[in-house]
Amino acid sequence: MEFNLSEEQEMLKKMARDFLTENCPKSLVREMEEDEKGHSVELWRKMAELGWMGLIIPEEYGGIEGSFLDLAVLLEEMGRAPLPGPFFSTVVLGELLLLEVGNKEQKQEYLTKAAQGQVILTLALNEAESDLDPDSMTTTAVAKGDEYIISGTKMFVPDAHVSDYIICAARTSEGVTLFLVDTKSSGIQCNLLQTTGGDKQCEVVFNEVKVPTKNILGEVNKGWSYIERWLPKAMVAKSVEILGGIQETLEMTADYAKDRMQFDQLIGSFQAIQHHCSNMMIDVNGSRFLAYRVAWMISEGIPCTKECYITKAWVSDASQRVVVLGTQVQGGTGIMKEGNMQFYFRRQRVAEVMLGSSDFCREKVAQEMHL
Amino acid sequence: MDFKFTPEQEAFRKEVRAFLKSEVTDELVEEVNSGLGLGPAGWEYVRKLGKRGWLVPMIPKEYGGLGASFWERFILNEEIYYCFPEFIQYFGANIVAPIVMEIGTEEQKKEYIPRIARGEIEFALGYTEPQAGSDLASIDIRAVEQDDCYIVNGQKTYNTACHYAQYHWLNARTSTEGKKYKGLSFFIVPLDSPGITINPMWTMGGERTNEVFYDNVKVPKKNLVGQKNRGFYHMMDALDHERMFPITHIQRGLDDLIKYVKGTERNGKLLIEDPLIRQKLAQFAIDIEVGRGMGYRIVWLQDHSKPGGHETSILKVFVTELERRLTYTAVHIMGQQGALRYQSYCSSPIAGWLEHWFLADTRRTISAGSSEIQRNIIAQRGLGLPRS
């Protein structure tokens, strides 16, 4: 066994840390929460120059052809920043799914552009009453000539308001089908939602939106089987991003405890504070092992569906414990809007239920265990 | 990164598994579960392990081991732990042999290690005293030099294994000057030495431990191990050997619990169909993966000669607290069945042993460094928080 990252991965990690420290200061994070777009076009361009949006894209489509583990390294740093904007949407919700299901022409057209940072992608999967459940999905797509007409309302679509293409899951004659929808199509309306995390999620209304048949991803009615193949990996990606946030929370909290005086002593010398910090570290270390081992398994092509669910379940719960304790240790400072702890507290809340809550994942684990 | 075992390691695991399948009999498991330590079946099994060099796989061949790596030792223990949810610690093999190998004289190595390796002798740890639990620097049993001996007087408590081991791995005070932790030394003492009295103490789980009295016990000077007055440091190093925590016994507990819920109906429904129970069982599978990873990480650190430090404490806290959660949840899921003892005529075998384990494993978050002490270590060494 080898627990260390490769030399190249360590370099990527360091480069990402340095780049984000310089280009994504907390002032920008704060500003982007209030900004309607929610991301800096200039930062997006710089990230494109570094090739980050093409990290997991094969060379034939202009990417770097890195591994999933490489992506994990990058996402951890983004979670630590925490980077605002549509990177996760474009790369994990968009590219990763297109890689799974797109045909050659579709990959050529969309992945090539995405790799260069020329287009922003996202995925419209859930609805008000449907969370990762195909049976309760009500948005429909009806065939009409060489087109499909999509009608319905999707919810919690990240960054839809700035996206160029939305992959939309809709109900067809005998199942679910995935459509690649140009956001300039008529009949699409994006309404920005206000969330705990200050991220940009949207309600997307499809009002008889016409989509050409060539924009169907994979086969008609088989959409959910693709989602099921892709979802575990996306969960891992989300888990690594969360990991970055709780690693930062742990370090920030320990620093605070080593600096804050009460009763003429550093509060870090109090056993109650020490034990809170230890519990945080136990959770962060556990999360780190699970997230990286499964990212490695994905990279190596080792079957790991169960491990993916295990990871998201654990990281969702562990991260909640970590941010709660981090806030507790930092006291008043921890809950103030002007401080940094609150970013991680609020973002964790959104991330833990995105792409599978721990309850959902635990039931999946139970099924994988043949219970 | 790479989280695979090598083909050789996988083959070794298979070999160990096959051996255990044929050697771990019901009689042996029952003897282990009795809480009395090594009996006739236990000694026979230990000698069989010894024959293969498996008691001390990492010790060099010339002293009876295999010269294997930390990985082989861990794999071996993973397989053994799966067979004995409530296992016996081989103090001689796991703690005394490695530390004697490190700090003992050549004569001591030759005298004790091959016999430990063959499964002929066992040691009992002689650390805790009534006033020295987590605060081991307060050890007070006195060893005073006299001619070619030390004369030892005082008391130990919770010294498990003293009633069936041949030797005491005794930590005693050899100096009362200066800082408390700078006056301790290690001795190997035959437990049948004149002046030693061993009295049983019983845990609520039916396990026997002991209080030990030393009344003018003569210990030859050659039995001093390591440097005089450096015993506290040696003890801390030895604790690191102790802190190896496979989680396969917890996996075994979960596997057995799953069998129970798959085969048990309550109120007209199989327990396994209850969503709350499914959530709990899945959570254990998740926690077990975390513990497994923490364990492998420690082995990897050891294998690269890097200190485990606070990471060993993280592992100890996590695994022992997970074990508590599992046994508690198991007896809880079993409802009133879960409170039936083995001896009860209508108790199912699984309900019986989980109830037994529930009581017996309560000590695991207390012994070998309590959860609270471990959390102090994590905070101070792992995160650099100041000592109070």
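Residue numbering restarts at 1 for every chain, and letters A, B, ... go by the order of the sequence lines. Since this is a predicted model, take the numbers as computed values, not measurements.
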* To do: For the residue pair A/Tyr309 and A/Phe360, categorise the inter-ring angle as parallel (less than 30°), tilted (30 to 60°) or perpendicular (more than 60°).
  => perpendicular
* Indicate the ring-plane relationship of B/Trp357 and B/Trp353, choosing parallel, tilted or perpendicular according to the 30° and 60° boundaries. => tilted
* If every non-hydrogen atom of B/Ile288 is compared with every non-hydrogen atom of B/Ile247, which pair is closest and at what distance? -> CG2-CD1, 3.5 Å
Side chain, backbone, both or neither: which part of [X] has a non-hydrogen atom closer than 4.5 Å to chain B?
| X | answer |
| --- | --- |
| A/Ile282 | both |
| A/Asp359 | both |
| A/Glu363 | both |
| A/Tyr292 | both |
| A/Leu5 | both |
| A/Glu307 | neither |
| A/Trp296 | side chain |

* Of B/Asp274, B/Thr264, B/Ile277, B/Leu276, which is the lone residue that meets side-chain contact (heavy atoms from CB on, under 4.5 Å) with B/Ile333? -> B/Ile277
Would you mind checking which part of [X] comes under 4.5 Å of any heavy atom in chain A, side chain (CB onward), backbone (N, CA, C, O), both or neither?
| X | value |
| --- | --- |
| B/Ile272 | side chain |
| B/Gln9 | neither |
| B/Ile258 | side chain |
| B/Val317 | side chain |

* Asked: What residue in B/Met294, B/Glu372, B/Arg297, B/Lys262 has the most heavy-atom pairs under 4.5 Å with chain A?
  -> B/Arg297
Would you mind checking if [Y] and [X] are paired as a salt bridge, meaning a charged N to carboxylate O distance below 4.0 Å?
| X | Y | result |
| --- | --- | --- |
| A/Asp317 | A/Arg321 | no |
| A/Glu241 | A/Arg80 | no |
| B/Asp256 | B/Lys259 | yes |
| B/Arg278 | B/Glu273 | no |
| A/Lys13 | A/Glu76 | yes |

* Any chance the rings of B/Phe5 and B/Tyr296 have centres within less than 6.0 Å? -> yes
* Is the gap between the ring centers of B/Phe318 and A/Trp314 under 6.0 Å? -> yes
* With a 4.5 Å cut-off on heavy-atom pairs, point out which of A/Val365, A/Leu290, A/Asn4 contacts chain B the most. => A/Asn4
* Asked: Is a donor on one side and an acceptor on the other found under 3.5 Å between the side chain of A/Lys312 and the backbone of A/Cys361?
  -> no
* Identify the residues of residues 260-268 of chain A whose heavy atoms come closer than 4.5 Å to a heavy atom of chain B, ordered by number, or report 'none'. => A/Leu266, A/Gly268
